[in-house]
Amino acid sequence: MAKKSPYLPKDIEESLYSEWEEKLVFSPKQHSKTFSLMIPPPNVTGTLHMGHGFQNAIMDCLVRFKKMQGYSTLWQVGTDHAGIATEMVVERLLGRDGISKEDIGRDKFIERVWDWKNQSGDTITQQLRRLGGSLDWENERFTCDEDYIAAVQHAFIDLFDAGLIYQGYRLVNWDPKLQTSLSDLEVINEEKEGKIWTINYSLENCDARIPIATTRPETLFGDMALAVNPNDERYSNFIGKRAIIPVAKRSIPIVADTYVDSSFGTGVVKITPGHDFNDYEVGKRHGLHISLSGEAMTGDPSQFLPISIMDKNACIQGEVPNEFKGMDRFIAREKVLKELISSNSLVREEIHTIKLPLGDRSNEILEPLLTKQWYLDAKSLSEPAIKAVRNGEIKFVPKNWEKTFFQWMENIQDWCISRQLWWGHRIPVWFDKQGNAFAGNSEENVREKYNVQGPLKQDEDVLDTWFSSSLWTFATLGWPKKTDRLKLFHPTATLVTGFDIIFFWVARMIMMTLYFMKEIPFKEIFITGLIRDENGQKMSKSKGNILDPIDLIDGISLDALIKKRTHGLMQPQLEDKIKAATQKQFPNGIDSFGTDALRFTFYSLAAPGRDINFDIGRIGGFKNFCNKIWNAMHFIEFQIEKYDFKKNEHINPFDHSLNIWMHHQIFESTKKITQHIENYRFDLASNELYEIIWSKYCDWYIELVKNQLTQAEKSEQLTLITGLIANLEDLLKLAHPFMPFITEKVFRNLNIMQSKSCKNFLVDTALPQQRAVIKKNINRYLNDIIECITTIRTNRNELNLDNKVSLILNIPPHAPKELFNSFNGFKASLDRMCGVAELSSLEPHKVPNSLNILIAGDKCQLVLPSEFKFDNVISSLKDKQEKIQQRIIMLEKKLANKDFTNKAPREVVSNQNAQLQELIQEKRALVDSIKKYS
RNA sequence: AGACUCGUAGCUCAGCUGGUUAGAGCGCUGUCUUGACAUGGCAGAGGUCGGUGGUUCAAGUCCACUCGGGUCUACCA
């Protein structure tokens, strides 16, 4: 027999995808029953990571499954312009040539970004194709497309006109490295060991000194008050008096505010409203301001005017001693401390854990800084969003994320939407000479709309990237135009995303969509877990534990992997460690597993609400699963050749019990898998698929058919082969949403083997349908056969029986003979343990000089010859009897308990009773056997 | 400080509203090269379900407390 081609995913995957894409298999057909899904747009700067792999595998499974259920599906694809990330990438590129963005100016810089985007921006979309995603490439979108820009402007102007967007001068999180403001969400608070200092402030016109505690002595130049708790008796005398700031030598008021915790530090806090968010609030309450004479004063909240002593580089500036001007904040800290010591004002220095606010992109220590920024009134938008989730219009899966969502939404702060960057959506606001702001989509538009004369100047800032992505579900479909796509596919069905962007993106999409569309963006939100490494560690560059999905698909050598993991490290000293760990974990690099195996691994691990520790050990097993399918195909090919099989429309595979049985199993599995997918239980769905294909189709059905084929008539042979093919085709359809490549390829090959032309792509076919009604008892008979065979095998192994036994099988009187024929062949050829099979419908035989052991109830008995050595058989039987006995005692006790029999449901009780009877019978048979040979 | 989440076989994980003798894959042990597949077949050994207490006829599952890991939000200078 000719050797058949091995399973090589590389050979099939890429070419199949190109074909799907060329033939527009994934473009939605327009009809009323729709199912739509929006891809969370990956950053255009990005490369595929395991999280993408995971989420896109899930989305693709959903989309393909729905398509095969008859929906017109749309999976919208696109990328995000990723303001800061992209700007950083291009700045870095320019930096290599020693050019800064300021050198070339705004327009040229943006040109360079577009150049870069056109050259490298499709890396991630190419990688998405490798995952087999059924994305609608015809309508790919980018959040800086012309149409998208129009949508963003439209949204901004609308919100501006409604008074929901406003400009404010207040504290923001300032990134001194990137020179831009950030929203609260972009701040990462990192706990670190730092210091806290106690400093004496002297009282004005008095010798007394008042000690304060601070972690930021350098900001004392910005102090505008001291504060104590109103109930703190230690300091009640000082309230209303004034203190002198050391070093700065300025006088400030002492105020009472409940914000101060008397039990912490000294119970006195310096209030620096220009450099601390809490102090800002305190300052506002007390109306802190600088009087015309230059003195810090209290007043009413409307008078509040904080002072700032730092510039945008976080260097000291403003009303400070000359020697501090222009000094970096941390150098200034040292200098302030030195002066405090020399003026004898520093009381003590202690170790103290502090939380450092870091920028999520730059990793730089952020500075609260007073600036003018644009804000979106999130509070007004949040209410309908909260309501939509509260009343179940939008559902989180798993549900517990709703709590997280509510917690944040109910305490939502206004969203700082302006960024001091060049790349992005420029804020569509023009200012006249007096500083009045007008929103419009162009200068002309503004002039016309508001009838303004004189010079106008556009705002320099751009919008936070998340502002544009918050419009994603409808802006991609053509909004604000009333397009067909918008009508057909909005609201979308499901959003699949990670919990890390619930606030950044999910919450904001809900708010914006409800505001603009007056409908929800999606009905369900499936929150996936995070993909971690095998030890549960987050995958990160600095840990050197990143796995690239593409490397799992294609494989990678150890050297290349090490190079990849150590290239461009922020901390080069980690290189050796990463190298060693990588060498240890992947001494031979990583094998090529193919997309289907990778995807299947994701499904099998996708238990909801749980992070995934990605264990490389599991993916190999699923490649073997693909191989198993591949070889099932070869098996059929061999049968076709061997039996000279020709496709014949008149052969009905469901004339044969074995085929019907398998068909029925597949139909049952289809129902289960459908249910699992509805519940987002991809783990259970993939288990079921593995089970039906490997255990049921390959291990039982093929083996039974194989044996039947050898003894069947020609027509039965053809029927069986037709069934093999039909059932495998059904399984391929069922598996297609999970493993699109191998299923499509095998499906085609099956057609080629039968000299049939292949008309359909699998995704355009329907899921397995019930085509034959199962006869009543077939399942039972097959289960009996399976039980018998299993028991025989177990006994053979346990009792070390070899080939010395015969078998008696009690065939039910009306059972289809063909089933039991295959059993006969099965037993003889596969297990080779029974010398001669004795099929019988008689009462249990009494064979002279032999031992009959009843197995599988009374369905079958083993006949052991008398020359057999029984010692170990008997001891094994005794062990078995002991176990049964214990179980019997337990059940009897349980059933004797009146509370149990009265209170437990009837079927539980009868179930236990039936079990007990069965065990008693089994025990009796065992005792007989043992007695006979002892 | 508040919230969430996890702890089940050597490893990675299932176990839905409490109800048979707690399951899977990998790994391990034994056995088998027989015309789909050794990337395989068959069989087997591994768990008192983190701990304590409670509710119940019945607890891996519910409750309380507790130990240990992870995450998020807010933050005391």
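Order of the sequence lines sets the chain letters (A, B, ...), proteins ahead of strands, with each chain counted from 1.
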Can you check the [X] [atom1] to [N] [atom2] distance for me, whole Å?
X: Ile702(A); N: C42(B); atom1: CD1; atom2: P; result: 12 Å
X: Arg610(A); N: C6(B); atom1: CZ; atom2: P; result: 7 Å
X: Asn911(A); N: G19(B); atom1: CG; atom2: P; result: 13 Å
X: Phe406(A); N: U73(B); atom1: CZ; atom2: C1'; result: 16 Å
X: Asn189(A); N: C75(B); atom1: CG; atom2: P; result: 8 Å
X: Lys355(A); N: A74(B); atom1: NZ; atom2: P; result: 10 Å
X: Leu605(A); N: C13(B); atom1: CG; atom2: C1'; result: 7 Å

- Item | SB check Arg329(A) Glu367(A) (cutoff 4.0 Å) | yes

Asn631(A) has its side chain closest, among G15(B), U12(B), C37(B), to C37(B)

Side-chain contact check for Leu919(A): nearest option of C37(B), U21(B), A43(B) is U21(B)

Classified by glycosidic angle (syn within 90° of 0, else anti), G10(B) comes out anti

Compute whether any side-chain donor of one residue and acceptor of the other, for [X] and [Y], lie under 3.5 angstrom apart.
X: Asp683(A); Y: Tyr603(A); result: no
X: Asn173(A); Y: Asp184(A); result: yes
X: Thr674(A); Y: Lys672(A); result: no
X: Lys923(A); Y: Gln881(A); result: no

Ranking Asn613(A) and Lys883(A) by the position along RNA chain B of their nearest nucleotide, the one closer to 5' is Asn613(A)

Between Thr266(A) and Met633(A), whichever has its closest RNA chain B nucleotide further toward 5' is Met633(A)

Problem - Rounded distance in Å between the P positions of U66(B) and U48(B) - result: 26 Å

Handout entry: Euclidean distance for C1', G7(B) against U12(B) (whole angstrom)
Key = 14 Å

Complement of [N], any strand, by Watson-Crick or G-U distances under 3.5 angstrom:
N: U29(B); value: A43(B)
N: C49(B); value: none
N: G2(B); value: C72(B)
N: G60(B); value: none

For the [atom1] atom on [X], are there more than 12 heavy atoms of other groups (residues, nucleotides or ligands in this structure) within a distance under 6.0 Å?
X: Gln413(A); atom1: CD; answer: no
X: Lys284(A); atom1: NZ; answer: no
X: Lys745(A); atom1: NZ; answer: no

- Considering just the side-chain nitrogens and oxygens of Lys628(A), establish if one lies under 4.0 Å of OP1 or OP2 belonging to U39(B). no

> Taking only N and O in the side chain of His634(A), is any of them less than 4.0 Å away from OP1 or OP2 of G35(B)?
Replying inline: no

Apply the test salt bridge (Lys or Arg N to Asp or Glu O under 4.0 Å) to residues Glu350(A) and Arg348(A): give CA-CA distance (whole Å), side-chain angles for both, the deciding distance (0.1 Å), then the verdict.
-> CA-CA 7 Å; Glu350(A) 289 158 288; Arg348(A) 44 172 188 274; 3.4 Å; yes

Look for any protein N or O under 3.5 Å of an N or O in nucleotides 23-30 of chain B and output each such pair with its distance, or none.
none

So, with a heavy-atom separation below 4.0 Å from RNA chain B, the residues of residues 891-904 of chain A are Asn897(A), Asp899(A), Phe900(A), Lys903(A), Ala904(A)

| said: Using ring pair (Phe, Tyr, Trp, His ring centres under 6.0 Å), reason through Trp401(A) and Phe396(A) one step at a time and then give a plain yes or no. | reply: CA-CA 6 Å; Trp401(A) 290 108; Phe396(A) 277 85; 8.1 Å; no

Distance-only donor-acceptor test (3.5 Å): side chain Lys403(A), base C4(B)
no

